Amino acid sequence: MVMKTRIKNILREKPLGETVIICGWVRTRRDTGGFSFIEVSDGSCLANLQIIADDRLDNYQSEIKQLSTGASVIIEGELKASPAKGQEVEVHATKIAVVGKADPETYPLQKKRHSFEFLREISHLRPRTNALGAVGRVRSRLSYAVHQFFQERGFVQVHTPIITTSDCEGAGEMFQVTTGKAGGKEEHFFGRPAGLTVSGQLQAEVYALALGDVYTFGPTFRAEKSNTSRHLAEFWMIEPEMAFCDLQGNMQIAEEMLKYLLADAMTHCPEDMELFDKFIEKGLLQKLQGVTEQEFAHITYTEAVDRLKKAKKQFEFPVEWGLDLQSEHERYLTEEVFKRPLTVTDYPATIKPFYMRVSDDGKTVAAMDILVPGIGEIVGGSQREERYDVLAARMSGAGITLADYQWYLDLRLYGSVPHAGFGLGFERLIQFVTGMTNIREAIAFPRTPGFAPC
RNA sequence: UCCUCGGUAGCUCAGUCGGUAGAGCAGGUGGCUGUUAACCACCUUGUCGGCGGUUCGAGUCCGUCCCGGGGAGCCA
């Protein structure tokens with residue numbers, strides 16, 4: 001194995017005069033007289049490294065001058081200060097090995113800008129572009145920051161099951177899991193119908209009532225035929241669950257976490273974030289900076305309904321206490337009224353799932369949604385119903401067979417405590433942080449109805 | 001799933017009243033001693049999304065299906 005130096009480190013440390021070995025992919029080649037400029041990316045950072053290759057290289061005519069976008073190379077050379085504008089340093093190659101060619105007649109990626117729609121058709125090649133590569137790095141960093149945030153605060157990560165026999169009411173359609181031996185006497189492998197999880201919440205509650213503060217961070221599946229810029233059939237969700245915690249505490253940790261993650265991306269991925277700010281969403285950095293500095297707005301559902309009723313704006317859908325807020329209503333509130341993240345709490349019990357805690361008024365539940373400009377709902381959570389009888393009644397009302405969820409009810413039978421939690425859509429967070437308008441750019445391999453090419 | 005706008009060269013797109021298809025970029029060849037989406041000259045590229053219909057004739061009109069964008073519902 002070669003002792004490669006990553007371009008990120010070269011650009012940070014700039015070890016002038018030293019011999020370095022770069023392993024990467026050609027982005028572009030420019031010839032001029034007796035030598036060529038080759039820009040190489042190795043994925044470690046946004047920036048390319050400029051390589052000077054001249055005709056003293058024994059394969060200059062035979063291979064170097066044929067190098068095209070996408071080809072893989074191993075380059076050995078001396079790092080020198082660059083005399084021209086555009087880059088501080090460059091490598092004067094003493095040896096260039098062409099590892100893998102990329103036929104320019106058929107290689108789909110060109111030097112110019114491609115539409116994201118086109119890049120989606122080549123999801124196996126699109127991380128080689130500046131924008132998707134940057135998303136990949138930021139996503140990785142944010143994934144790390146999620147763990148860091150919770151671990152710093154003593155939360156324990158729980159790996160909740162991917163295959164489950166419990167539906168989480170109100171969380172959409174489940175994909176069914178079978179052995180594939182259809183026809184004849186198909187038996188349920190797990191003894192009863194099973195599916196891919198739509199949420200780890202119910203199981204996270206089990207561990208919260210044992211370990212205190214826990215979180216899950218894993219894939220989630222929804223068999224909804226949703227075809228929008230903010231829905232995926234397979235997505236990642238962060239779900240903290242906290243024992244001895246009420247709605248207030250829940251709101252606090254959610255706001256703290258969002259701000260922590262935004263700040264982390266700006267601190268640790270400055271070049272990538274600058275790319276988004278420049279080419280994807282103008283003013284992105286200012287927006288994110290503002291979010292980290294300001295307190296989130298907070299209103300109750302009832303106040304939201306009042307505001308919407310008094311609004312001069314004409315809405316397509318009716319506003320009435322008891323009806324759920326529509327997208328247009330949420331967007332109006334967060335984008336036009338408050339112009340910052342907005343937490344809406346205390347929704348009518350009739351429009352929220354059984355597990356949310358019924359408030360003293362008997363009409364509302366201790367629910368919270370965090371709405372964000374441009375995306376809408378990014379967090380959905382609640383204080384959970386910890387009273388056995390109230391929960392059982394709510395479940396029966398929702399048409400749930402109590403016996404199937406006795407394990408969930410047991411949590412209220414033995415040492416029940418007030419507890420709360422929420423779900424944060426990881427891809428929606430990535431959208432918000434990168435400015436990507438379509439969620440299909442926020443995940444490496446998006447799965448949507450009719451689309452799962454590899 | 002519904003509404004709406006699209007699908008034309010490898011990519012981005014133009015194509016008038018129905019008369020048989022074009023531009024930029026990419027790619028190829030040659031030129032250029034420091035380029036930066038390099039530059040200059042020349043050259044190549046088409047199942048006009050699929051199927052069916054109307055017509056002497058369809059990229060263009062009609063039907064239908066597939067795919068994509070935007071919006072909605074569901075939600076994270």
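This is a predicted model, so every value here is computed, not measured. So that the names make sense, note that chain A is the first sequence line, chain B the second, and so on, each numbered from 1.
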#### Entry: Salt-bridge criterion met for A:Glu255 and A:Lys259 (N-O under 4.0 Å)
yes

### Sugar-phosphate, base or nothing in reach of A:Lys225, heavy atoms under 4.0 Å
base

### Task
Could you tell me whether A:Gly423 contacts a base, only the sugar-phosphate backbone, or nothing, with contacts defined as non-hydrogen atoms closer than 4.0 Å?
sugar-phosphate

### Task
Give a yes/no verdict on a cation-pi contact between A:Arg153 and A:Phe149, requiring under 6.0 Å between NZ or CZ and the six-membered ring centre and an angle within 45° of the axis.
yes

### Pairing partner of B:rG63 (Watson-Crick or G-U wobble, both distances under 3.5 Å)
B:rC51

### Task
Could you measure between the two P atoms, the one in B:rG50 and the one in B:rU44, and give it in whole Å?
26 Å

### Query
Considering only the P atoms, how many Å lie between B:rC42 and B:rC5, rounded to the nearest integer?
43 Å

### Task
Determine the contact category for A:Glu316: base if any of its heavy atoms lies under 4.0 Å from a base atom, sugar-phosphate if only primed atoms, P, OP1 or OP2 are that close, otherwise nothing.
nothing

### Message
We want to know whether A:Glu239 and A:Ser199 form a side-chain donor-acceptor pair, criterion being a heavy-atom distance below 3.5 angstrom.
### Response
yes

### Task
Test the A:Lys287-A:Phe432 pair against the cation-pi criterion, namely NZ or CZ under 6.0 angstrom from the six-membered ring centroid and within 45° of the ring axis.
yes

### Task
Record whether the side chain of A:Arg120 comes under 3.5 Å of the base of B:rC67 through a donor-acceptor pair of N or O atoms.
no

### Task
Could you check how far NE2 of A:His329 sits from P of B:rG71, rounded to whole Å?
17 Å

### Message
Please report the distance separating the C1' of B:rU16 from the corresponding atom of B:rA21, rounded so that it comes out in whole Å.
### Response
14 Å

#### Entry: Sidechain N-carboxylate O distance under 4.0 Å for A:Glu427, A:Arg230
no

### Message
Measuring only the P atom in each nucleotide, how far is B:rA9 from B:rU47? A whole number of Å is fine.
### Response
8 Å

### Message
Heavy atoms only, 4.0 Å cut-off, all strands: where does A:Arg27 land among base, sugar-phosphate and nothing?
### Response
nothing

### Message
If you compare every side-chain N and O of A:Ser68 against the phosphate oxygens of B:rG27 (OP1, OP2), does one of them come in below 4.0 Å?
### Response
no

### Task
Pull out every residue in residues 80-97 of chain A that has a heavy atom closer than 4.0 Å to any atom of RNA chain B, ordered by number, or say none.
A:Ser82, A:Pro83, A:Ala84, A:Lys85, A:Gln87, A:Glu90, A:His92

### Query
Ignoring hydrogens and angles, does a donor from either the side chain of A:Thr32 or the base of B:rC32 sit under 3.5 Å from an acceptor on the other?
no

### Query
Do A:Gln110 side-chain and B:rG10 base share a donor-acceptor contact under 3.5 Å?
yes

### Query
What is the nucleic acid contact for A:His114, judged by heavy atoms within less than 4.0 Å: base, sugar-phosphate only, or nothing?
sugar-phosphate

### Query
Any side-chain N or O of A:Arg428 under 4.0 Å from OP1/OP2 of B:rA76?
no

### Query
Under the 5.5 Å and 30° test, is A:Phe35 stacked on the base of B:rG34?
no

### Task
Quote, to the nearest angstrom, the C1' distance that separates B:rU45 from B:rG28.
11 Å

### Query
Between A:Arg440 and B:rG69, does any side-chain N or O lie under 4.0 Å from OP1 or OP2?
yes

### Task
For A:Thr28, report the nucleic acid contact type (base, sugar-phosphate, nothing); a contact means any heavy atom under 4.0 Å.
sugar-phosphate

### Separation between the C1' atoms of B:rG49 and B:rG6, rounded to whole Å
11 Å

#### Entry: C1' atoms of B:rG27 and B:rA37, separation to the nearest Å
16 Å

### Query
At under 4.0 Å between heavy atoms, what does A:Phe118 touch on the DNA or RNA strands: base, sugar-phosphate, or nothing?
sugar-phosphate

#### Entry: Aromatic A:Trp321 / basic A:Lys309 pairing, under 6.0 angstrom, 45° off normal
no

### side-chain contact (heavy atoms from CB on, under 4.5 Å) partner of A:Val73, the single match among A:Ile38, A:Val99, A:Val40, A:Ile22
A:Val40

### Message
Counting the atoms with a prime plus P, OP1 and OP2 as sugar-phosphate, which does A:Ser229 contact under 4.0 Å by heavy atoms, base, sugar-phosphate, or nothing?
### Response
sugar-phosphate

### Polar side chain donor-acceptor pair, A:Tyr355 to A:Gln383, under 3.5 angstrom
no

### Message
Does B:rG70 have its OP1 or OP2 closer than 4.0 Å to a side-chain nitrogen or oxygen of A:Asn438?
### Response
yes

#### Entry: A:Arg230 side-chain proximity, nearest of B:rG27, B:rA38, B:rC74
B:rC74

### Query
What do you reckon, are the aromatic ring centroids of A:Phe217 and A:His147 less than 6.0 Å apart?
yes

### Task
Please work out if A:Leu109 contacts a base, only the sugar-phosphate, or nothing of the nucleic acid, heavy-atom cut-off 4.0 Å.
nothing

#### Entry: A:Ser226 side chain near B:rC75 phosphate (N/O to OP1/OP2, under 4.0 Å)
no

### Query
Quick one: which of B:rG73, B:rU36, B:rG28 gets closest to the side chain of A:Gln50?
B:rU36

#### Entry: Identified pairing partner of B:rU36, criterion: Watson-Crick or G-U wobble below 3.5 Å
none

### Task
Using the C1' atom on both, measure B:rU54 against B:rC66 and round to a whole Å.
23 Å

